[in-house]
Amino acid sequence: MRSSVYFYPTLKETPQEAHVASHRLMLRAGMIAQVTSGIYTWLPLGLRVLKKVENIIREEQDRAGSLEVLMPTIQPAELWEKSGRYHDYGKEMLRIQDRHEREMLYGPTAEEVITDIFARFIKSYRDLPKRLYNIQWKFRDEIRPRFGIMRGREFLMKDNYSFDLTPEGARASYQAMLEAYVKTFARMDVTAIPVRAATGPIGGDLSHEFQILAETGESEIFYDPAYETLDVNSVTLDRLQSLYAASDELHDPENCPVPLETLKTARGIEVGHVFYFGTKYSIPLGAYVMGPDGKQVPVEMGSYGIGVSRVVAALIEAHHDKAGIKWPESVAPFKMGLLNLNVKNSACVACCDDFYHKLLQADVEVLYDDRDLGSGAKFADMDLIGLPWQVIVGPRSAEAGMCELKNRRTGERIELSLEDALNRIKQ
RNA sequence: CGGGGUGUAGCGCAGCCUGGUAGCGCGCCUGGUUUGGGUCCAGGAUGUCGGGGGUUCAAAUCCUCUCACCCCGACCA
C-alpha cells in the first residue's frame with residue numbers, strides 16, 4: 001500500500017480527551033475516530049489490526065473444536081424475559097422499540113439467543129458436546145465510557161457457548177477454552193493471567209478473568225511474582241493455573257499460598273472472561289436433550305468472552321514507547337514500512353519502487369511512504385504507527401544499492417544491501 | 001446518577017474577569033526551497049465563538065435555559 005493513496009490521518013498533537021497511552025496513540029496514529037461518547041469509527045489502519053486480532057482468536061476457537069455462527073446485534077425482549085434477565089440487566093442494556101412498538105434490545109451478550117438456537121435444533125446427547133461462538137458487535141450502555149476503545153459502549157466481542165451433557169463434560173469444555181485463550185494471547189505476544197473471579201450478572205459457580213498487566217488497567221489483581229518471568233511462547237495452562245492469582249474481590253490474604261512479602265499487586269486489563277454456569281439458561285430456555293437413559297436433561301453450559309476491540313487497546317498498552325506503538329508482528333497492520341526519503345530523486349524513487357514491487361510479489365504486507373514530505377515527518381509517522389520493520393532508503397543509499405533496516409521493537413538498525421534486506425524480510 | 005471541568009478554524013490553545021471590527025501555533029491550499037529525525041520563505045483559504053432565550057446602542061465576553069464532550073466515584077469484554 002502506498003501512503004500517498006492510503007488513509008491514516010496522523011496527528012502531531014495529542015487530542016485533549018485522550019489520557020491513556022492506547023487511546024492517545026490510536027487517535028494519533030489515525031486508527032480510530034470518535035463518533036460520540038464510547039462509539040468509534042475504525043479507520044483503515046485500525047481496522048487492519050482489529051481484523052488480525054479477530055482472526056487469531058477465530059483460528060484458536062476453531063482449533064479448539066468450536067463452530068462459528070453469526071448472531072444478530074438486535075434481539076427481541078421476549079427471549080430475555082424467558083431467562084429472567086430482561087428486568088435484572090438494568091440500564092446497561094440499550095432498549096429500543098421497532099415500528100410496531102415491539103420491545104427490542106441491542107445485545108450486550110448472547111446467552112439467550114444461542115440457547116434458544118440450541119433448544120430448537122439439538123435434541124440428543126449424541127450431538128454433544130457442542131461449542132458455538134460468534135464474533136459480533138455488542139452494546140453496553142456504560143455509565144461512563146472511557147479510555148477510548150478500552151471501555152467503549154459498542155465493542156467487538158468473541159463469545160463462545162459450550163453445551164455438555166454433564167458437569168464433568170462442561171468442566172472439560174471450560175479447560176479447553178482456557179487452553180485456547182492461553183494460545184491466543186501468546187500469539188499476540190502478551191501474557192494474560194487467568195484470575196479467579198466473581199461471576200457477576202452472568203451467574204454460575206466458576207469463573208476466570210484473563211488479565212493483561214498494565215498500569216492503566218481498571219482492576220486490581222494479586223498474583224504470584226512468577227507470572228512476570230513466564231515465557232509467553234512456551235507457557236502452558238497447567239503452569240498458569242498452578243500459580244496464585246485473584247481479583248481484589250476474591251483475594252483472601254488469610255489463605256493465600258504466596259507469602260505476603262512476595263505477593264505482587266498490579267493493575268490488569270480484563271480482556272477475557274469465562275464462566276461455567278450449569279443450567280442457569282438451559283432450564284428457562286428449554287435447552288434439554290434426551291440422555292442415554294431416555295430421560296430429558298437440561299444441558300450444562302458455559303460462556304467464554306474475549307473483548308476483541310479491547311484487546312487492540314490492551315496490546316498498545318503493553319507495547320509502546322514515547323514515539324508510538326510497537327506492534328507485535330502477528331497483529332501489525334503491515335509487516336513493514338518502506339521509507340523513500342526523497343521522492344524528487346529519480347534514482348531513489350526507482351530503487352524504492354522496485355523494492356516495493358518485490359515485496360508485493362513476496363506477499364510481504366508493506367506500507368510504502370512515497371509522500372512528498374520531509375524525512376523527519378516520515379520517520380515520526382512510521383514510529384508512531386509502529387510497524388515492526390522499517391526499510392529506509394535515501395538518495396545516498398539508493399546510489400549504492402543499500403538501505404537501512406530498522407527494528408521498531410528493539411530500535412536496532414543495520415545497513416545492508418536491498419537484496420539482503422529483502423531476504424531477511426521474507427523470513 | 002452524584003461531584004468537578006471544557007465547548008472559539010481540521011487539531012492544540014489565547015481572548016471572557018473589565019462588552020466595542022475574532023486571534024496564535026500546527027495542519028490545509030498555491031509558488032519556491034529543503035531532503036537521514038516533524039526544513040525554510042512568501043502568499044492564501046477556513047469560524048452559525050456548541051444551541052435557544054434575555055440584558056444592552058453593541059455580546060465570544062454579562063444573565064438564563066439547554067445540549068454535547070471530558071475528568072473523579074459505584075458497574076463491565
Side-chain angles (χ1 to χ4, degrees), chain A residues 9-20 23 27-28 30 33-39 53 57 89-93 107-110 135-160 181 192 197-202 207-212 217-219 247 249 268-275 303-314 323-324 339-345 348-349 369 371-384 390-398 402-404 406 413 415:
Chain A
T10 56
L11 302 170
K12 193 144 110 184
E13 288 169 289
T14 300
Q16 163 226 11
E17 71 269 21
H19 299 272
V20 301
H23 189 195
L27 290 170
R28 286 194 54 214
Q34 180 167 329
V35 174
T36 186
S37 180
I39 299 180
V53 169
I57 293 170
Y89 216 93
K91 290 189 170 173
E92 255 189 17
M93 180 150 69
T109 176
I135 298 175
Q136 176 63 290
W137 292 92
K138 305 289 193 299
F139 194 94
R140 290 182 193 170
D141 200 356
E142 297 287 341
I143 299 168
R144 186 153 83 85
R146 68 184 112 171
F147 303 154
I149 232 72
M150 186 95 81
R151 176 182 292 287
R153 293 193 289 174
E154 191 183 46
F155 56 98
L156 188 62
M157 176 168 150
K158 183 283 299 178
D159 44 323
N160 193 335
Y181 277 27
T199 51
I202 310 271
S207 175
H208 284 87
E209 291 170 353
F210 278 77
Q211 300 273 0
I212 291 178
E218 292 187 273
S219 28
S247 65
E249 322 163 72
I269 299 171
E270 184 187 348
V271 289
H273 204 155
V274 298
F275 303 88
S303 79
Y304 315 89
I306 293 181
V308 182
S309 44
R310 177 181 283 182
V311 166
V312 175
L339 286 78
N340 178 352
L341 294 187
N342 189 341
V343 300
K344 299 246 167 80
N345 177 298
C348 196
V349 171
D369 196 340
R371 297 171 300 176
D372 187 9
L373 285 181
S375 51
K378 294 191 177 191
F379 287 127
D381 263 3
M382 205 53 87
D383 286 347
L384 175 61
Q390 298 175 14
V391 166
I392 303 157
V393 181
R396 281 200 306 278
S397 43
M402 302 289 283
C403 67
E404 187 174 275
K406 174 176 163 181
R413 315 143 152 257
E415 282 231 31

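In what follows, chains carry the letters A, B, and so on, assigned in the order in which the sequence lines appear, proteins first and then strands, with residues in each chain numbered from 1.
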Suppose you measure atom [atom1] in [N] against the same atom in [M]; what distance do you get, rounded to whole Å?
N: B:rA42; M: B:rA60; atom1: C1'; result: 32 Å
N: B:rG12; M: B:rG7; atom1: C1'; result: 14 Å
N: B:rA14; M: B:rA74; atom1: C1'; result: 38 Å
N: B:rC62; M: B:rC75; atom1: P; result: 40 Å
N: B:rG4; M: B:rC65; atom1: P; result: 15 Å
N: B:rC13; M: B:rU8; atom1: P; result: 10 Å
N: B:rC29; M: B:rG73; atom1: C1'; result: 48 Å
N: B:rG23; M: B:rU30; atom1: P; result: 25 Å

Counting the atoms with a prime plus P, OP1 and OP2 as sugar-phosphate, which does [X] contact under 4.0 Å by heavy atoms, base, sugar-phosphate, or nothing?
X: A:D159; result: nothing
X: A:G376; result: sugar-phosphate
X: A:Q34; result: sugar-phosphate
X: A:M150; result: base
X: A:G272; result: sugar-phosphate
X: A:L156; result: nothing
X: A:K158; result: nothing
X: A:G38; result: nothing
X: A:R28; result: base
X: A:N345; result: nothing

Is the phosphate of [N], meaning OP1 or OP2, less than 4.0 Å from a side-chain N or O of [X]?
X: A:S397; N: B:rG36; result: no
X: A:R146; N: B:rG73; result: yes
X: A:Q211; N: B:rA77; result: no

Across all strands, who's sitting opposite [N] as a Watson-Crick or G-U wobble pair, both distances under 3.5 Å?
N: B:rU6; result: B:rA68
N: B:rG23; result: B:rC13
N: B:rC1; result: B:rG73
N: B:rU61; result: none

> CG of A:N160 to CD1 of A:I135: how many Å apart, nearest 0.5 Å?
Replying inline: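 So the CG of A:N160 and the CD1 of A:I135 are separated by 10.0 Å.
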[X] [atom1] - [N] [atom2] separation (whole Å):
X: A:E142; N: B:rG73; atom1: CD; atom2: C1'; result: 14 Å
X: A:H273; N: B:rC76; atom1: NE2; atom2: C1'; result: 10 Å
X: A:K138; N: B:rA77; atom1: NZ; atom2: C1'; result: 9 Å
X: A:L373; N: B:rG27; atom1: CG; atom2: P; result: 10 Å
X: A:L341; N: B:rU34; atom1: CG; atom2: C1'; result: 13 Å
X: A:D369; N: B:rU35; atom1: CG; atom2: P; result: 18 Å
X: A:R371; N: B:rG38; atom1: CZ; atom2: P; result: 15 Å
X: A:N342; N: B:rU33; atom1: CG; atom2: P; result: 13 Å

Using only modelled atom types and a 3.5 angstrom limit, is any donor from either the side chain of [X] or the base of [N] paired with an acceptor on the other?
X: A:R144; N: B:rC75; answer: no
X: A:S375; N: B:rG38; answer: no
X: A:E13; N: B:rG25; answer: yes

Distance-only, no hydrogens or angles: does the [X] side chain make a donor-acceptor pair with backbone N or O of [Y] under 3.5 Å?
X: A:S303; Y: A:F275; value: no
X: A:Q211; Y: A:I269; value: yes
X: A:K158; Y: A:V308; value: no
X: A:R28; Y: A:T14; value: no

> If you measure from the ring centre of A:F155 to the centre of the six-membered ring in the base of B:rA77, is it under 5.5 Å, with the planes under 30° apart?
Replying inline: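 One would call A:F155 stacked on the B:rA77 base.
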> Would A:K406 and A:D383 count as a side-chain contact (heavy atoms from CB on, under 4.5 Å) if you check the C-alpha gap in whole Å, the side-chain angles of each, and the deciding distance to 0.1 Å?
Replying inline: CA-CA 10 Å; A:K406 174 176 163 181; A:D383 286 347; 3.0 Å; yes
> What's the closest nucleotide to the A:E92 side chain, out of B:rC75, B:rC69, B:rA77?
Replying inline: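 Selected nucleotide (nearest to the side chain): B:rC75.
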>> Of the options B:rU35, B:rG12, B:rC75, whose atoms approach the side-chain atoms of A:E218 most closely?
In response: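 Of B:rU35, B:rG12, B:rC75, B:rC75 is nearest to the side chain of A:E218.
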>> Closest-nucleotide mapping onto RNA chain B: is A:E154 or A:Q390 further toward the 5' terminus? I mean the 5' end.
In response: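 Per heavy-atom nearest nucleotide, the more 5' residue is A:Q390.
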> A:L11 or A:I143: which one's nearest nucleotide on RNA chain B is closer to the 5' end?
Replying inline: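 It is A:L11 whose nearest nucleotide is closer to the 5' end.
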> Among all residues two or more places apart in sequence or in another chain, which pass the side-chain contact (heavy atoms from CB on, under 4.5 Å) test with A:R151?
Replying inline: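 Counting only residues at least two positions away or on another chain, A:R151 forms a side-chain contact (heavy atoms from CB on, under 4.5 Å) with A:E142, A:R146, A:E218, A:R310.
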>> Between A:K344 and A:D372 (salt bridge meaning N to carboxylate O under 4.0 Å), is one present in this structure?
In response: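 Yes, A:K344 and A:D372 are salt-bridged.
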> Got a sec, which residues hit ring-ring contact (aromatic ring centres under 6.0 Å, His included) with A:H23, two or more places apart in sequence or on another chain?
Replying inline: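 Result, ring-ring contact (aromatic ring centres under 6.0 Å, His included) vs A:H23: none returned.
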